Novice: 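Have a look at this one.
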Amino acid sequence: MSDEASSKQSRKNIEHESLLMHASGRPGKIEITPTKPLTTQRDLSLAYSPGVAAPCKEIARDPTLAYDYTAKGNLVAVISNGTAVLGLGDLGALASKPVMEGKAVLFKKFADVDGIDLEVDTRDVDEFINCVRFLGPSFGGINLEDIKAPECFIIEQQLRELMDIPVFHDDQHGTAIIAAAGLINALEMTGRDIADTRLVVNGAGAAAIACVELVKAMGMPHDNVILCDTKGVIHKGRDNLNQWKSAHAIETDLRSLEEAMEGADVFFGLSVKGAVTPEMVAGMAKNPIIFAMANPDPEITPEEVATVRTDAIMATGRSDYPNQINNVLGFPYIFRGALDVRATTINEAMKIAAAKAIASLAREDVPDEVAAAYSGRKLRFGPEYIIPVPFDPRLIYTIPPYVAQAAMDTGVAQRPIIDIDGYKHELSARLDPTAASLQAIAEEVSANPQRVVFAEGEEEKSIRAALAYRNAGYGQAILVGREEIIHDTLKQLGLSGAAQGLEIVNARLSDRNTLYTEYLYKRLQRKGALYRDAQRMVNQDRNIFAALMVALGDANAMVTGLTRSYYQAFTEIQRVIDPDDQSLVFGLTVVVARGRTVFIADTTVHETPTPQQLADIAVQTSEKARQMGHEPRVALLSYSNFGNPEGEVPGHVRMAVAELDRRGVDFEYDGEMGADTAMDAELQEKYPFCRLSGPANVLLMPGLHSANISYKLLQKLGGGTVIGPVLMGLSKPAQIVNMDATVSDMVHMAVLAAHDALKR
């Protein structure tokens, strides 16, 4: 298959999976959940009538109290009319909704800002403005999105004048801010002064004009910027310019992009694929800076630039090249800072401050966990790292303070922050690190692809998970099953073309069967198995076959669990794979809910762990928690709080605490205690001798019954994400999903198994 055909097929696969993801379970990507308990009549009477009259009267008396009594101060409206949806053009308001929901999700994920999407069904500028202007009382900020130029300029400008909350068109300013951050570092790296630098910009839409305006605000002279559109250089004397283009027209004899590029220091591309040729790049100044930001394909690729220049610094809009100009580095954190000081607008000073913050972060030493996620790249300030990566956890406490300070300095902050250092600490604690660490794990696997075998290869979910794993770039996916059945399923799913390159192994026909049988027979011959028993297991039991592939190095890891109970699958895997010599085998479940992550163990293996086993589980779980960005605080749970009441189980747990004392471990732990005490800092204060410095994030259960019941209740009650149980302590990576696992669950477990393989 050609590269182009492969790219088209990959895009088709992603589109198919995206449709399935959006439609599965509760349709869409967002929901609203209450932040206060509403379980009794009293709760309702406080939250609504008659109690709600009190905050209403207070806000009527003093409108600023809306920020104290409502969610206004953390609420952003994501608004579009759908006239410029992604790169798809004018699809209309309704078709833009998936993108706006996605933007709301990004606000929440990266900066803990609550976003509500609003699709306004009009192409009339005045109607749109009149609709949005009256939404000011509801929101702390307005994020305009996917509105075509030049209407977007008029809309944003007028709304900023009419409203007393931040109004920000991200398609313009988001790109401009990230590009400006990259430019700051590229100029420093090449020894240039912005006042003496010559910039050529191809494309004269919203983002391009915003880029030009921002770099000029940062000190680049007007005459040093040449803006080009489809008709060539925008120069004084052209009679086909609107007011936004004409504002950047200069006196020049240059008429084409090719002429403008001769001797240019910097190129910004916000146009179309192929707009720049290697010959144009060859004519640029020494150490040229090239930001080819067209999506999905840049104006010129780094490979093409490399054929004519070895001294260029490049950035694109794509994640598969270094230096991605990605708006998610900006808008969540800019709004975070603006909301936290109740800014009335987002001005040029705040945009420049955000650009400088992003630039400064790229110059700092990269933490090991971030560097590990991108191990295929060199994350050190230099030509291939002038912009931070999107999942750097430091962004949340780096950018907002710069933005907030700029708002205060320019007089647009209504609630100044006195203690900026304290504010940074608040920000660092605002987001749970789990999402970033899971992404870091995924990125590390992408950089070091692994072969993962899906044992139940004939199941639709396994097939889709294998395709998703492969298409995401995590490595080779192997399906154990009969080719004709797998191909029939792919055909029914409309994914026949996706089968190319997908590895299918029929256990009965494999040329490795003799080797596998001999290996298995040697393990089981003194456990009552005959040679023909081993042969039958290899031919007929896909879990055993997949485990043998991993044990003998034909695959790096395995995933199973859809068609058999957890314990049956675990028993079969144990026939092939032993525990690690230095570890205990147990199940660890990760629960992410309401911004908190809790690690629960043992959820799958030991019915009643001994004190020594509980101590082992505490040590291994704490290590995993640290790997995922959490400093462990371990609570050994019981129905008793420190001896009240007495009982056999609490005594058992108390012995485990003594065992940890004896070992001198390097993490916080205490017990025995109830789950409520473990999770509530106020309850812990009733026990001043408690060793935990805050709510526990590692919960060790006294028995399998309590652990398994707890996580399954949490899973079915909803309100959070449950990852696992993750099988810990085996000598080879194998993971077992629950029988009701989704495709996403399977992919997550496959990535965790692959990452485990990497760490061995």
Side-chain angles (χ1 to χ4, degrees), residues 17-40 43-44 46-48 52 66 69-80 82 85-86 93-121 132 135 137-146 170 328 331-332 335-336 339 396 430-436 438-439 468 589-598 679 711-724 738 740-748:
E17 285 295 321
S18 179
L19 290 173
L20 289 171
M21 184 271 279
H22 279 81
S24 64
R26 185 191 294 263
K29 297 187 286 285
I30 60 174
E31 66 176 341
I32 294 174
T33 59
T35 58
K36 303 294 188 295
L38 300 171
T39 53
T40 67
D43 293 337
L44 294 175
L46 293 174
Y48 197 54
V52 75
Y69 294 127
T70 76
K72 174 182 170 73
N74 197 52
L75 197 59
V76 168
V78 181
I79 306 181
S80 180
V85 181
L86 299 175
L94 186 59
S96 76
K97 188 171 179 64
V99 181
M100 301 311 115
E101 283 189 1
K103 195 76 175 223
V105 170
L106 294 178
F107 267 114
K108 189 66 177 177
K109 179 179 178 64
F110 287 99
D112 193 26
V113 172
D114 296 315
I116 298 291
D117 66 293
L118 299 173
E119 291 72 39
V120 180
D121 194 12
V132 176
L135 297 174
S138 299
F139 298 98
I142 303 291
N143 184 94
L144 301 172
E145 193 79 16
D146 288 0
D170 186 50
V328 81
F331 70 84
F335 268 98
R336 178 77 275 152
L339 292 172
I396 182 64
R430 187 149 196 153
L431 289 182
D432 189 289
T434 304
L438 288 174
Q439 178 62 25
T589 299
V590 185
V591 179
V592 184
R594 299 189 64 79
R596 292 174 67 178
T597 293
V598 177
M679 302 297 290
Y711 98 77
K712 286 183 177 176
L713 276 173
L714 287 168
Q715 190 171 43
K716 292 305 178 184
L717 285 173
T721 300
V722 176
I723 302 167
N738 290 317
D740 61 350
T742 65
V743 171
S744 293
D745 291 335
M746 294 194 72
V747 175
H748 290 158

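This is a predicted model, so every value here is computed, not measured.
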Novice: Quick check: closest heavy atoms across V113 and P332, and the distance to 0.1 Å?
Specialist: CG2-O, 4.3 Å
Novice: Tell me the closest heavy-atom pair linking M746 and A741, and the distance in Å.
Specialist: CG-CB, 4.4 Å
Novice: Kindly compute the distance separating CG (D745) from CG (N738), expressed to the nearest 0.5 Å.
Specialist: 8.0 Å
Novice: Run the salt bridge (Lys or Arg N to Asp or Glu O under 4.0 Å) test against K72 and tell me which residues pass, sequence neighbours left out.
Specialist: none
Novice: Does Y711 have any ring pair (Phe, Tyr, Trp, His ring centres under 6.0 Å) partners at least two apart in sequence or in another chain, and if so, which?
Specialist: none
Novice: With sequence neighbours excluded, tell me which residues meet ring pair (Phe, Tyr, Trp, His ring centres under 6.0 Å) with F139.
Specialist: none
Novice: Any idea which heavy atoms bring F335 and I142 closest together, and the distance?
Specialist: CZ-O, 3.5 Å
Novice: Nearest 0.5 Å, please: how far is CG in L144 from CG in L118?
Specialist: 11.0 Å
Novice: Using the side-chain contact (heavy atoms from CB on, under 4.5 Å) criterion, which residues pair with Y48? Sequence neighbours excluded.
Specialist: V52
Novice: So, taking the atom named CD1 in I30 and the one named NZ in K97, what distance separates them when rounded to the nearest 0.5 Å?
Specialist: 6.0 Å
Novice: Tell me, do V76 and L339 make a side-chain contact under 4.5 Å, heavy atoms counted?
Specialist: yes
Novice: Identify, with sequence neighbours excluded, every residue that meets salt bridge (Lys or Arg N to Asp or Glu O under 4.0 Å) alongside D112.
Specialist: K108, R430
Novice: Salt bridge check, D43 against K36: does any charged N sit closer than 4.0 Å to a carboxylate O?
Specialist: no
Novice: Check the surroundings of atom CG in L19: do more than 12 heavy atoms from other residues, nucleotides or ligands lie under 6.0 Å from it?
Specialist: yes
Novice: Minimum heavy-atom separation for S96 and E119, please, with both atom names.
Specialist: OG-CG, 3.6 Å
Novice: Before you tell me yes or no, could you show the steps for K109 and V328 under side-chain contact (heavy atoms from CB on, under 4.5 Å), namely the whole-Å CA-CA distance, both residues' side-chain angles and the distance that decides it to 0.1 Å?
Specialist: CA-CA 10 Å; K109 179 179 178 64; V328 81; over 6 Å; no
Novice: Locate the shortest heavy-atom distance separating A111 from I396; write the atom from each residue and the value.
Specialist: CA-CD1, 3.8 Å
Novice: As an exercise, state the distance from CG of N143 to CG of L106, rounded to the nearest 0.5 Å.
Specialist: 10.5 Å
Novice: Taking salt bridge (Lys or Arg N to Asp or Glu O under 4.0 Å) as the test, write out the residues that go with D146, two or more places apart.
Specialist: none
Novice: Restricting to side-chain contact (heavy atoms from CB on, under 4.5 Å), what partner residues turn up for L44, sequence neighbours left out?
Specialist: L38, Q41
Novice: Please round to the nearest 0.5 Å and tell me the distance separating atom OG of S80 and atom CG of L94.
Specialist: 11.5 Å
Novice: Strictly distance-based, threshold 3.5 Å: is any side-chain N or O of E101 a donor or acceptor partner for the main-chain N or O of K29?
Specialist: yes
Novice: Not counting sequence neighbours, which residues clear side-chain hydrogen bond (donor to acceptor under 3.5 Å, both in side chains) with N74? List them please.
Specialist: D114, R336
Novice: Please list, chain by chain and in numerical order, all residues satisfying side-chain hydrogen bond (donor to acceptor under 3.5 Å, both in side chains) with T589, sequence neighbours excluded.
Specialist: T603
Novice: Quick check: do T597 and V590 have side-chain heavy atoms less than 4.5 Å from each other?
Specialist: yes
